[in-house]
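See below for the structure under consideration.
Residue numbers begin at 1 in each chain, while the letters A, B, ... track the order of the sequences. All values below come from the heavy atoms of this structure, side chains included, with hydrogens, waters and symmetry mates left out.
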Amino acid sequence: MSEMPKAYEPREVESQWYAAWLDGKCFEADPSSQRPAYSIVIPPPNVTGILHLGHVLNNALQDILARRARQEGREVLWLPGTDHAGIATQAKVERELREKEGVGRRDLGREAFLERVWEWKEKHGGIIINQLKRLGCSCDWSRERFTMDPEYSDWVAKVFVDLFKEGLIYRGKRMVNWCPVSLTALSDEEVIMKPQKSKLYTMKYELVDAPGEFLRIATTRPETLMGDTAVAVNPRDPRYAGFIGRKVRRPFPEAEIPVVADEHVDIEFGTGALKITPAHDKADFEIGMRHGLEIIDVLHPDGRVNCPGCPELDGLDRFEARGKAAAMLDAMGLLIEVEDYDNKVGFSERAHVPIEPRISMQWFLRYPCVDEAARAVADGDITFRPDRWRKTYAHWMENLQDWCISRQLWWGHQIPVWYRRDKLEELKAAESLDTSDLEAGDIHVGVEPPEDESGWVRDEDVMDTWFSSWLWPFATMGDSGGDSPTLRKFYPTTDLVTGPDIIFFWVARMIMAGYRFAGGPPFRNVFFTSIIRDLQGRKMSKSLGNSPDPVDLMEKYGADGLRFGLMRIAPVGSDIRFDEHQIEEGRNFANKLYNACRFRRMAGEGGGAAPVAGLRSSHVDIMAKLDELADDLVRLYGEYRFGEISQRLYEFLWSEFCDKFLEAVKGDLRDSASEAAKAATLSVFDAVMSRYLQLLHPYMPHVTEELSRRMGYTGDDEFLMLKQLPEASLLANLAEVEVAAARERAGAVYETAGRLRNLKAEYNVAARRDVRFVVRGAAEWLDAESDVLALLAGADSIELDDAFDPPTGTPVSLTPVGEVAMPLEGLIDVEAEKARLSKEVDKIAGEVAKSEGKLGNANFVGRAPAEVVEQERERLEEWRAKLAQLREMLEGLG
RNA sequence: GCGCGGUUAGCUCAGUGGUAGAGCACAUCGUUCACACCGAUGGGGUCACUGGUUCGAACCCAGUACCGCGCACCA
């Protein structure tokens, strides 16, 4: 046994134990095991990402669940991996290339560029994985997966082909969300609506058949005016009844466009007349379809104006063009008003610029197994925690829109579709490439390319990253596209831990994919974590610089400290306000635990054997409390109440074990104490601590493993993390009545000690200065506990003397063990004691009045449950007795 | 506009009908030794507001205010 330094130093300990666990293959899952399975798949982080606090929370929770499941004797698979993160990764590499080499991806060409991305992935892909290891995550790293592994890619292609054959995947020209920076289509989920300070421009269009007469129109986007092909009014709007069917003059490029009637137009808003730009607005597109309007695209893919017919604006960026267009209208005398206007604009999730609604040729998916997936959650086959997310899920499932799955990127799974070269040219010229326009012989959809590739051209698009992620729970377990022992043992997974922000992106889609491709739900429970905010309540973000680096935090406070601190502030269901002080508390807690063990070590050898003989009430009490803790944790884990679990663990060690138990038994460990007393105390310490370390282990794996080994609770070739939780109670050998009696005594002693310390403080007696206490009317068992009481209260001695007649003014406290006097020869301050007693009398009198009022209420006595009333009566009796005694004492002072 | 959360001590949060809690922070005291990453003691709350139900409400119901988050084609 080596020396233990005064303060716990986590760094070395944590890395050593992590290495030891890996060496011992503690994390590896065995599909052939007979134990019941427990499995989690990690929400795969972006392969080139770095750890942030959200990851820490998420993965610490998963680790806690996995470690607890191992202790419960289950065969655990926690399957890790990373996501290729199409747009994010490609954008990173492109930026790097531009900055360092001044080249774009098109300069390199597809193949060369992809090589560079793979290089980047090899170089940076391990970072977040290593950070998860630093955190202590017990993932089965031998099974680490990547969404672009060959086998995984096969699954993605196979799924695409299956869904295509089923008729659920189709290609078509549709209005999609276009990102002018990433130059790709996005799904609806990748668009974030943000409030914007905009301008609402009111302008007027002249009626063709009535020069000098105008129709007033409000718009926020004058720069798309060149694409207007109609003006719409509501058919029920009396103001415009006479305008329907007539034509107005579009100012530039000049054209005559019709006034159409459409229910969609809001009579109340703006002027009640809406300019229709079918190429650049989703609603306008639909109106255009209804009225057979021409679609004029006036924007380039990168957001610049594409309108040679209007040279003043052609080539300008869309926002620049907005001001210019307004100025032009003004110059023509057509701009009536510009007012400030708050509206919401869709932004690209990744590129942080407003998206552009745009007509383009894309691949879409009509979701499979929608009913099964919706029912699974509604019926509780899959449980959501907190439960309220079910509603969010149900709402989305009821309003499913087809998913735009193609992306105009290079990094990702390329669409497994080939077109016959000559046919493709023909269709391109005709600007039409709906799958419906292709005959069977012109298109090849398959995991493998067509036999004679030369005559074919592959679709250039790749799939949305989530189109691979949605297969994650089974594509990581099965052979490509098939069965495997792992899949049979561990699918469906037990728990999924993720953020509610990806309930649509990922969770809902996984459920549908699970039913369609793996024959059932992908998981049984989904635990949605809180979102971590800063102390101002703002979301953590790189740009705000309010996101602390978890690795720094781990260096400062240890991985265990970070984990524990975070768990203590993680409420169920609402947001977390992150405060570094909480992490500091986690570190302090680890140190407290370490020092409790250090104290035990300094007390010397002994203990070990199960505690039986010579038990004190404090011994019994702490063992009973440990049993209670163990039971509570079973319940709390069942309810996924992680914050409360950490709270209970904290309270047990700090308040119960250290502040009460350890202080109470310190006397037994002194050299003057008997061997028997010492042995009993050491064995109780060991019995309680060894179990406590096990209970704490999922939250603080490193320090518990370390201490368990150092204290000899686990052998040299044993791991705490793999040890099963014991079933037997520590108190199995004691009769219930004995336990109850001992606990009552212990409780009384602890409470009395508090009162006496209080008394000392009131009289400014230094806490560590020993004084003499004299007890009158002592509980009959007090003699046996008086040494403990003396120790806890900082007393020189506790005397039991019913005949004791305290000098006038001696402070006396009424305690659960009797009336305790603190004779302070020469220090008595009668006035101070009077004041103290008066204050207490007032307080107790208030309680008595309150209680009497309650019991005097016929309704209370008549209607409240009998036990509640009885409880109240007892309480009143106690208060009254106490009050009487206090008054007597006060009178005694004169 | 619809929906979902939240509002309890200076701060972060517990508290599902029966004496308002914890940690931190604060104040006073204390380093003859497990731990100053510590110990002892103490001060501090109209449980957002208004009504209702109940013998009794932080808790249940209705409404209001403020904060946050989703969803929605008001240009």
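The same atom, C1', is picked in B:A58 and in B:U19; the two are 14 Å apart, to the nearest Å. Comparing B:U41 with B:C49, their C1' atoms sit 37 Å apart, to the nearest whole Å. Rounded to a whole angstrom, the distance from the C1' atom of B:G43 to that of B:G6 is 29 Å. If you take atom P in B:A57 and the same atom in B:A20, they sit 12 Å apart, rounded to whole Å. Comparing B:U16 with B:C11, their C1' atoms sit 26 Å apart, to the nearest whole Å. Between B:G3 and B:G10, the two P atoms lie 34 Å apart (nearest whole Å).
Using a 4.0 Å heavy-atom criterion, one finds that A:W396 contacts no nucleic acid atom at all. Within 4.0 Å (heavy atoms only), A:R587 reaches at least one base atom of the nucleic acid. Among the protein residues, A:C658 comes within range of the nucleic acid bases, having at least one heavy atom under 4.0 Å from a base atom. Using a 4.0 Å heavy-atom criterion, one finds that A:Y341 contacts the sugar-phosphate atoms exclusively. Contacts of A:K556 with the nucleic acid, taken as non-hydrogen atoms under 4.0 Å apart, are absent.
In this structure, A:K666 forms a cation-pi arrangement with A:F599, its terminal cationic atom sitting closer than 6.0 Å to the ring centre and no more than 45° off the ring axis. Both tests hold for A:R568 against A:Y650: distance to the six-membered ring centre under 6.0 Å, angle to the ring axis within 45°.
Note: CG (A:L57) to P (B:C13) measures 13 Å, nearest angstrom. Atom NZ of A:K6 is separated from atom P of B:C33 by 9 Å (rounded to the nearest Å). Atom pair A:Q647:CD and B:U12:C1' shows a separation of 11 Å (rounding to whole Å applied). If you measure from atom CD of A:E847 to atom C1' of B:G18, you get 14 Å, rounded to the nearest angstrom. The distance between atom CG of A:D501 and atom C1' of B:C71, rounded to the nearest whole Å, is 15 Å. B:C71 atom P lies 13 Å from atom CD of A:Q401, rounded to whole Å. Going from atom CD of A:E762 over to atom P of B:U28 covers 17 Å, rounded to whole Å. Rounded to an integer number of Å, the gap from A:E398 CD to B:C71 P is 15 Å.
Within the structure, the salt bridge (charged side-chain N to carboxylate O under 4.0 Å, His left out) test picks out the following pairs touching residues 553-567 of chain A (sequence neighbours left out): A:R11-A:E555, A:D63-A:R563, A:R134-A:E555, A:K556-A:E580.
Under the Watson-Crick or G-U wobble criterion, with both distances below 3.5 Å, B:G44 has no partner in any strand shown. A 3.5 Å limit on both hydrogen-bonding distances identifies no Watson-Crick or G-U partner for B:A34. Base pairing of B:U54 is not made with any nucleotide, judged by Watson-Crick or G-U wobble geometry with both donor-acceptor distances under 3.5 Å. Across all strands shown, B:C66 forms a Watson-Crick or G-U wobble pair, both distances under 3.5 Å, with B:G6.
Comparing B:U41, B:C38, B:A75 by their nearest atom to the side chain of A:W654 picks out B:C38. Picking from B:A34, B:A40, B:A75 the nucleotide with the shortest atom distance to the side chain of A:K592 gives B:A34. Here the side chain of A:R875 is nearest to one of B:C24, B:U41, B:U19, namely B:U19. With B:G23, B:G18, B:C37 as the choices, the nucleotide that has an atom nearest any side-chain atom of A:N591 turns out to be B:C37. In this structure, of B:C71, B:A40, B:U19, it is B:U19 that holds the atom nearest to the side chain of A:W879. In the set B:A75, B:U41, B:A34, the nucleotide with an atom closest to the side chain of A:T219 is B:A75. Proximity note for A:L274 (side chain, C-beta onward) versus B:G18, B:A75, B:A34: the nearest is B:A75. Among B:A40, B:G18, B:G70, the nucleotide with an atom closest to any side-chain atom of A:P865 is B:G18. Closest to the side chain of A:K850, from the set B:A20, B:G18, B:G23, is B:A20. Checking B:G18, B:A75, B:A34 against the side-chain heavy atoms of A:A864 singles out B:G18 as nearest.
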Show me the side-chain donor-acceptor pairs of residues 194-204 of chain A shorter than 3.5 Å, one per line, residues at least two apart or across chains.
residue: A:K197; atom: NZ; partner: A:D342; partner atom: OD1; Å: 3.3
residue: A:S198; atom: OG; partner: A:N343; partner atom: OD1; Å: 2.6
residue: A:K199; atom: NZ; partner: A:D340; partner atom: OD1; Å: 2.6

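Residue-to-nucleotide proximity on RNA chain B shows that, of A:E585 and A:A753, the 5′-proximal contact is made by A:E585.
With hydrogens and angles disregarded, no donor-acceptor distance shorter than 3.5 Å links the side chain of A:H280 to the backbone of A:E356. For the pair A:D284 (side chain) and A:T277 (backbone), a donor-acceptor distance under 3.5 Å is present.
For A:R216, there are no salt bridge (charged side-chain N to carboxylate O under 4.0 Å, His left out) partners at least two apart in sequence or on another chain. Partners of A:D632 by salt bridge (charged side-chain N to carboxylate O under 4.0 Å, His left out), not counting sequence neighbours, listed by chain and number: A:R635, A:R648. In this structure A:E349 satisfies the salt bridge (charged side-chain N to carboxylate O under 4.0 Å, His left out) test with no other residue, sequence neighbours excluded.
For the OP1/OP2 pair of B:C38 and a distance below 4.0 Å, the side-chain nitrogens and oxygens of A:N588 include at least one atom meeting the criterion. For B:G42, the OP1/OP2 oxygens have a side-chain nitrogen or oxygen of A:N758 closer than 4.0 Å. For the pair A:R757 and B:U41, the criterion of a side-chain N or O lying under 4.0 Å from OP1 or OP2 is met. For the OP1/OP2 pair of B:A34 and a distance below 4.0 Å, the side-chain nitrogens and oxygens of A:K666 include at least one atom meeting the criterion.
With respect to A:I287, the side chain to side chain contact (heavy atoms under 4.5 Å, CB included) criterion is satisfied by exactly one of A:I276, A:D281, A:T229: A:I276.
Judged by distance alone with a 3.5 Å cut-off, a donor-acceptor contact links the side chain of A:E663 to the base of B:A34.
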Dump the pairs, protein N or O against N or O of nucleotides 15-17 of chain B, anything under 3.5 Å, distances to one decimal.
residue: B:G15; atom: OP1; partner: A:R641; partner atom: NH2; Å: 3.3

